[in-house]
Structures are given as structure tokens and as C-alpha cells.
Protein chains: 2
Amino acid sequence: MNSKNKSASGKYGNLQTLLQGAGLRPTKQRLALAGLLFDGCDKHVTAEQVHASLTRMKAKVSLATVYNSLNHFRGAGLLRQVVVDGGQAFFDTNIGSHHHVFDEDTGLLTDIPAASIRVSHLPKLPQGKKLARVDIVLRVQSNA
Amino acid sequence: MNSKNKSASGKYGNLQTLLQGAGLRPTKQRLALAGLLFDGCDKHVTAEQVHASLTRMKAKVSLATVYNSLNHFRGAGLLRQVVVDGGQAFFDTNIGSHHHVFDEDTGLLTDIPAASIRVSHLPKLPQGKKLARVDIVLRVQSNA
DNA sequence: GTGTTTGCAAAGTGTTTGCAATTTA
DNA sequence: TAAATTGCAAACACTTTGCAAACAC
């Protein structure tokens with residue numbers, strides 16, 4: 001049943017579980033969004049990109065809802081936000097420990113495993129502060 | 001002469017030289033801005049902050065000019081832009097090799113010398129790309 | 001004088017918010 | 001039915017831009 005949704009059967013159930021497990025009501029819009037994002041491949045998306053994709057695949061979700069949902073997903077720990085330059089924010093479906101390569105020519109963002117970079121000699125932090133995260137961005141550009 | 005400008009004599013001359021050396025015309029506004037920024041101490045400022053400072057010290061420089069000038073300074077290599085989260089852009093007067101600590105509670109940005117962090121095992125980059133920069137941000141928060 | 005820079009206000013971009021209608025549990 | 005979510009449009013924060021007047025060389 002429910003043959004119109006491409007992420008039917010198992011997939012659908014998993015997404016529903018995923019959202020519920022995160023304390024989010026599995027609405028049509030969120031399921032569509034989750035179906036797009038959590039397909040097993042790591043992704044870096046912007047709100048506009050996701051909105052465009054949803055629109056292209058005939059899932060009517062307003063841009064505001066895309067923003068709200070992405071933020072909810074982030075709050076629930078399903079996504080991570082990455083900022084590489086002013087402009088737009090990226091949402092990263094890879095929530096494990098890792099870093100990024102930002103291509104300044106194309107604006108594309110790529111993951112690199114945390115293990116690829118070894119950081120040593122972290123400085124001591126101010127009193128009463130703890131390290132929340134280490135963000136490393138390798139900025140690359142064409143060497144033409 | 002020119003006793004009304006607080007960064008008179010030597011300082012003023014240096015700033016003028018600095019700007020000219022960077023290929024920028026030493027206008028009143030740019031000199032005021034440069035006087036604020038290049039006093040020998042490393043700073044992280046936003047356009048709004050600089051504009052507020054200039055206004056407070058009675059140097060009338062429009063916000064648009066602050067933005068334009070900061071961008072010119074950056075283009076000339078006098079400043080570096082740092083992005084830590086969406087909101088506003090920081091301009092860093094420290095253009096040497098270093099990294100940052102971002103306090104998520106206060107929104108304050110601090111420098112740490114590049115030597116404080118040792119990065120090893122950088123992954124290999126895509127064909128035809130070269131490493132432009134490594135940006136490292138230590139995100140800290142209160143451990144209360 | 002000629003080309004650059006300024007300042008203002010308007011436009012632009014990316015994101016958030018207020019609120020009525022809808023949907024979920 | 002009560003609470004959460006949606007969608008729209010308006011509001012928002014930050015930044016850039018168009019253009020006439022002012023300025024630097």
C-alpha cells in the first residue's frame with residue numbers, strides 16, 4: 001500500500017522511527033525531508049537545495065518549513081550545521097567526528113574522516129570552559 | 001600641525017604609508033579605520049563594531065563605507081575574514097598563520113598561534129587543487 | 001580635470017517569525 | 001480535543017549596490 005511514496009515499505013517505517021526516536025512528529029513534510037537526507041549517504045545540503053529537490057520531486061514543502069525542519073533535525077542531533085563562509089549554511093548528515101574540505105572555486109563541501117587529521121598540542125582553555133568541538137576546514141583552490 | 005587628529009605625527013604617517021603601500025588611497029575615512037584597526041594589537045572586529053567605534057569617536061564614516069573599506073583592506077591583504085557562524089563576519093587584523101577559539105556563550109573570538117596546534121596526516125587533495133588555508137576553530141563553552 | 005571614494009537609501013540574500021488553518025497523537 | 005506543525009507573507013539581520021556629490025592625485 002501507499003505506492004505513491006517512493007520510500008515505501010521498510011524505508012518509510014525506518015524514517016518514521018527515526019523521527020519519533022528523535023522526538024519529532026513524523027509529518028508528511030518531515031518524512032519527505034528525511035527520505036531525502038537520510039538515505040545512508042553523507043550529504044551537505046543547504047535549505048534552498050533541499051527545497052528545490054523536494055519541489056522537483058513534487059513534494060510540496062514550503063521553504064520556511066524546510067528551514068524549521070532542518071533546525072529541528074539539528075536540535076535533535078540528526079544533522080550538524082557547518083559554516084564555511086558567510087552566505088548560506090550547510091547541513092551535514094554526517095554527525096560523526098570528521099572535518100571538511102571546502103573548495104573555494106566550486107563552493108562544494110566534502111567530508112574527511114577525523115582520523116585523516118591528527119591534532120596535537122591543543123592550547124589550554126580559559127577557566128571554566130570546555131572544548132565543545134574542533135572544526136577544521138581545509139580550504140582548497142585550483143592550482144592552475 | 002593637524003592637532004585635531006589623535007593619531008598625529010608618526011602614527012598618521014605610517015597609516016598613510018600602509019594604505020598607499022596597499023594601493024589604497026588614504027582618505028580620511030580609511031585613515032580613521034586603519035587607525036582603529038592597526039594599532040599593533042590583534043583584533044577581531046565586525047563591521048558594526050567598527051562603525052560604532054568610529055561614531056563614538058566622532059569620526060563620521062557611513063556603515064556602507066565601513067563595509068567597503070573592510071573589504072578593500074581584505075582584498076589588499078591587510079585583513080583576513082573569519083567565519084565562525086552564520087550571523088556576522090569577523091575581520092581579523094592578524095594575518096599571520098594562526099587559529100581561533102570561539103566562545104559559544106559569549107560569541108567572542110580569540111587567536112591562538114598556529115604553533116599551538118599541530119596538524120599531521122593531512123589527506124591528499126583532489127587533482128589540480130592546492131591547499132589554500134587550514135582553518136581551525138576550537139569551539140568552547142561553559143562547563144557549568 | 002579625471003578617476004576614486006563617499007554616503008545615502010534602496011535592493012539583495014539568507015533566515016526567522018507571527019498567525020490562521022491544518023494535522024498529529 | 002489539545003498540542004504541534006504547516007504555509008504564507010512579513011519581518012529580520014547583515015551586506016552590497018546605484019548614483020550624485022565630494023575628494024585625491
Side-chain angles (χ1 to χ4, degrees), chain A residues 2 5 12-13 15-34 36 44-52 54-55 58-76 78-79 81-91 107 109, chain B residues 2 5 12-13 15-34 36 44-52 54-55 58-76 78-79 81-91 107 109:
Chain A
N2 195 356
N5 192 312
Y12 200 94
L15 293 176
Q16 192 154 330
T17 306
L18 178 76
L19 293 179
Q20 282 169 336
L24 301 170
R25 286 191 180 178
T27 67
K28 216 170 12 193
Q29 292 84 342
R30 285 175 182 171
L31 285 168
L33 236 168
L36 207 72
H44 301 100
V45 300
T46 63
E48 291 283 1
Q49 277 170 14
V50 178
H51 184 241
L54 290 172
T55 301
K58 312 262 190 280
K60 299 214 286 92
V61 183
S62 79
L63 184 57
T65 297
V66 169
Y67 273 106
N68 290 334
S69 299
L70 287 174
N71 283 330
H72 278 131
F73 286 11
R74 170 170 45 115
L78 300 177
L79 289 177
Q81 197 162 11
V82 184
V83 178
V84 275
D85 65 353
Q88 73 293 312
F90 285 94
F91 289 87
L109 199 61
Chain B
N2 194 356
N5 192 311
Y12 200 94
L15 293 176
Q16 192 154 329
T17 307
L18 178 76
L19 293 178
Q20 282 169 336
L24 300 169
R25 286 192 179 176
T27 66
K28 212 169 17 192
Q29 292 85 343
R30 285 176 183 172
L31 285 169
L33 236 167
L36 207 72
H44 300 100
V45 300
T46 63
E48 291 282 0
Q49 277 170 14
V50 179
H51 184 241
L54 290 171
T55 301
K58 310 260 189 284
K60 299 213 286 90
V61 182
S62 78
L63 183 57
T65 296
V66 170
Y67 273 106
N68 290 334
S69 300
L70 288 174
N71 283 330
H72 279 131
F73 286 11
R74 170 169 45 114
L78 300 177
L79 290 176
Q81 196 162 13
V82 184
V83 178
V84 276
D85 66 353
Q88 73 293 313
F90 286 94
F91 289 87
L109 198 61

> If pairing requires Watson-Crick or G-U wobble contacts with both distances under 3.5 Å, which nucleotide is the partner of C:dA9?
Replying inline: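 With both distances under 3.5 Å, C:dA9 matches D:dT17.
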> In the strands shown, is D:dA24 matched to any nucleotide by a Watson-Crick or G-U wobble pair with both distances under 3.5 Å, and which?
Replying inline: C:dT2
Roughly, in whole Å, what's the span from [atom1] in [X] to [atom2] in [N]?
| X | N | atom1 | atom2 | result |
| --- | --- | --- | --- | --- |
| A:Lys28 | D:dT6 | NZ | P | 10 Å |
| A:Arg30 | C:dT23 | CZ | P | 15 Å |
| A:Leu33 | D:dG7 | CG | P | 10 Å |
| A:Phe90 | C:dG14 | CZ | P | 11 Å |
| B:Leu31 | C:dT4 | CG | P | 19 Å |
| B:Asn68 | D:dG18 | CG | C1' | 12 Å |
| B:Gln49 | D:dT15 | CD | P | 11 Å |
| A:Asp85 | D:dC14 | CG | C1' | 14 Å |

>> Reading DNA chain C from 5' onward, which residue's closest nucleotide shows up sooner: B:Leu63 or A:Thr46?
In response: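 Checking each residue's closest nucleotide, the 5'-ward one belongs to B:Leu63.
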> Do the side-chain N or O atoms of A:Tyr67 get closer than 4.0 angstrom to the phosphate oxygens (OP1, OP2) of C:dT15?
Replying inline: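 The answer is yes; a side-chain N or O of A:Tyr67 sits under 4.0 Å from OP1 or OP2.
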> For C:dT23, does OP1 or OP2 lie under 4.0 Å from any side-chain N or O of A:Thr27?
Replying inline: no
Let me confirm one number: the [atom1]-[atom2] distance from [X] to [Y], rounded to the nearest 0.5 Å.
| X | Y | atom1 | atom2 | result |
| --- | --- | --- | --- | --- |
| A:Gln20 | A:Gln16 | CD | CD | 5.0 Å |
| B:Leu79 | B:His44 | CG | NE2 | 11.0 Å |
| B:Leu33 | B:Asn68 | CG | CG | 11.0 Å |

> If you take all heavy atoms of A:Ala34 and A:Leu19, which pair is closest and at what distance?
Replying inline: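 Taking A:Ala34 first and A:Leu19 second, the nearest heavy atoms are CB-CD2, 4.4 Å.
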> Closest nucleotide of DNA chain D for A:His72 versus for A:Ala64: which of these residues is on the 5' side?
Replying inline: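 Closer to the 5' end of DNA chain D: A:His72.
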> So which one's nearest nucleotide on DNA chain D is more toward 5', B:Glu48 or B:Gln20?
Replying inline: B:Glu48
Of the nucleotides [options], which one has an atom closest to the side chain of [X]?
| X | options | answer |
| --- | --- | --- |
| A:Ser62 | D:dC25, D:dT17, D:dG7 | D:dG7 |
| B:Gln29 | C:dA25, D:dT5, C:dT6 | C:dT6 |
| B:Asn71 | C:dG3, D:dA3, D:dT16 | D:dT16 |
| B:Val61 | D:dC25, D:dT16, C:dG7 | C:dG7 |

> Taking C-beta and beyond as the side chain, do A:Tyr67 and A:His51 meet within less than 4.5 Å on heavy atoms?
Replying inline: no
>> Ignoring hydrogens and geometry beyond distance, is the side chain of A:Arg25 in donor-acceptor contact with the base of C:dT24 at under 3.5 Å?
In response: yes
> Across the strands shown, which category fits A:Gly87 at heavy-atom distances under 4.0 angstrom: base, sugar-phosphate, nothing?
Replying inline: sugar-phosphate
